[in-house]
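Letters A, B, ... mirror the listed sequences (proteins, then strands); counts begin at 1.
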Amino acid sequence: MKARLSEIGLTVSAWYRAGHRALPWRETDDPYKILVSEIMLQQTRVETVIGYWKRFLEVFPDIASLAGADTEQVMNMWQGLGYYARARNLQKAAQMVVREYHGRFPELPADIRRLPGIGAYTTGALASIAFGLPVPAVDGNVLRVTSRLLLLEGDVGTPGVKRGVEAFVADMIPTGSASDFCQGMMELGATICTPTSPVCSSCPADKLCLARKTGRQLEFPHKQAKSPPVESRQIVCLIRDESGRILLQNRKEGLLSGLWGIPHFESDNDEPDADALMERLGLTGLDAPEAACDRIHPLFAEGFVGTVTHVFTHRKWNMEIWSFLWRDLSDGPGPAEDFTWFAPDRLSGIPIPEAFRKVLRLAGKQPPEEKRKNT
DNA sequence: AATTCGTGGCT
DNA sequence: TAGCCAAGAAT
């Protein structure tokens, strides 16, 4: 078996050396820049990452600049990329490298693994790509490729099977070619050994693949189906003041934390519930359910704007947008501390997730803002 | 082990 | 089109 694994490793690394896609992070040997690419690439497509990676490194060209940056600006560079905990963990990792390793990126896999946001895969990727160490980097590509090559019957979603694959892959790594092999396995999965239509006739490991030999390529990898997103009805409250500014909340935890959001709450009622909105805004000094339409109340309901749907990995928001005017009634109470008023022309400069940008576009509070392109 | 955490492209 | 999926990690 080991001879077989070793032959696969030599074949894949040689294939990678002979030719591969030119990706920008393959033109550097700076561990920091490679780290940024690896974090961005987690569960994210290459084409999407390219533009973000270039822009990010223009603003944070080295690990010290990222460590010392304003977190809001880091989130801003990440806006639209998703999985925002990655951005906050990346900055924490940068700060840890600066503080505990004097800005010198740690080479020991055990040290790399301790950095926030870096798990088994990213540790292997950095160790092998940036430092040439023989450490397995098992991502979704490698799970698929390996499960096909070896006809692995286990569910690749389970930690046990994944550890088993790591052991197999570790025995594939050719001496002195850890980087080419690591990237070769992923390149193979991304360009040849694809999920639904593998091009086996072009595969360098054609003769070594047990799935190919038995015509069972599409049966692998085995994985259990994910449960569909849970739907909910969200009442989204677009609140502007008399000077046209919009009220946003800095989200502190859970979904979309670290980004600015439009005040909203889950509801199954037909009309927006004034009590729920008051509670959402932290306005405990006021009462009366009818208050949202009362003339002496700061919040004046202007009416229904429209609906927006947004699907997250495991949630689906069916948003109903309602418009309110916040009237300055001299001494009245204001929104809670995590709320801030923003002029419409400031919205393009702060991190706001796609779900709420859709709402802003619907309401015409923000220019359509051309989609970021890879340049 | 099972959930949580975004977004966009593709079938 | 509704679901699947992408260079996963944290809890």
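Residues A/Phe56 and A/Met40 meet the side-chain proximity criterion, which asks for heavy atoms closer than 4.5 Å.
Comparing A/Ala85 and A/Arg163, the nucleotide of DNA chain B nearest to each residue sits closer to the 5' end for A/Arg163. Along DNA chain B, the nucleotide closest to A/Thr158 and the one closest to A/Gly254 are compared, and the more 5′ of them pairs with A/Thr158.
Using cut-offs of 30° and 60° on the angle between ring planes, the pair A/Phe312 and A/His310 is perpendicular. Between A/Trp341 and A/Trp326, the ring-plane angle classifies as perpendicular under the 30° and 60° cut-offs. Note: A/Trp25 and A/Trp53 have perpendicular aromatic rings, judged against thresholds of 30 and 60 degrees for the angle between ring planes.
Residue-level contact check: A/Val142 touches neither bases nor backbone, having no heavy atom under 4.0 Å from any strand. Heavy atoms of A/Gly157 sit nowhere under 4.0 angstrom from any nucleic acid atom.
Atom P of nucleotide B/dT7 and atom CD of A/Gln79 are separated by 8 Å, given to the nearest angstrom. To the nearest angstrom, P of B/dT7 lies 12 Å from NE2 of A/His314. Between A/Leu259 atom CG and B/dG6 atom P the separation is 8 Å, expressed in whole Å. For A/Met75 and B/dG6, the CE to C1' distance is 11 Å, given to the nearest whole Å. The nearest whole Å value for the distance from the CG atom in A/Leu255 to the C1' atom in B/dT3 is 13 Å. Going from atom NZ of A/Lys316 over to atom P of B/dT7 covers 16 Å, rounded to whole Å. Summarising the geometry, the separation between CD on A/Glu253 and C1' on B/dC5 is reported as 14 Å, rounded to the nearest angstrom.
A gap of 16 Å separates the P atoms of C/dC4 and B/dT3, to the nearest Å. For the P atoms, the distance linking C/dT11 with B/dG6 amounts to 14 Å, nearest Å. C/dA7 and B/dT11 have their P atoms separated by 15 Å, given to the nearest Å.
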remark   = For nucleotides 6-11 of chain C, 5' to 3', base contacts (B), sugar-phosphate-only contacts (S) and non-contacts (-) with protein non-hydrogen atoms under 4.0 Å give BBBSS-
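A/Glu153 has a carboxylate O that lies under 4.0 Å from a charged side-chain N of A/Arg216, or vice versa, which qualifies the two as a salt bridge.
A sub-4.0 Å separation between OP1 or OP2 of B/dG6 and a side-chain N or O of A/His310 is absent.
To the nearest 0.5 angstrom, A/Lys226 atom NZ is 6.0 Å from A/Lys223 atom NZ.
With a 6.0 Å radius and a threshold of 12 heavy atoms from other residues, nucleotides or ligands, A/Lys358 has its NZ atom above the threshold.
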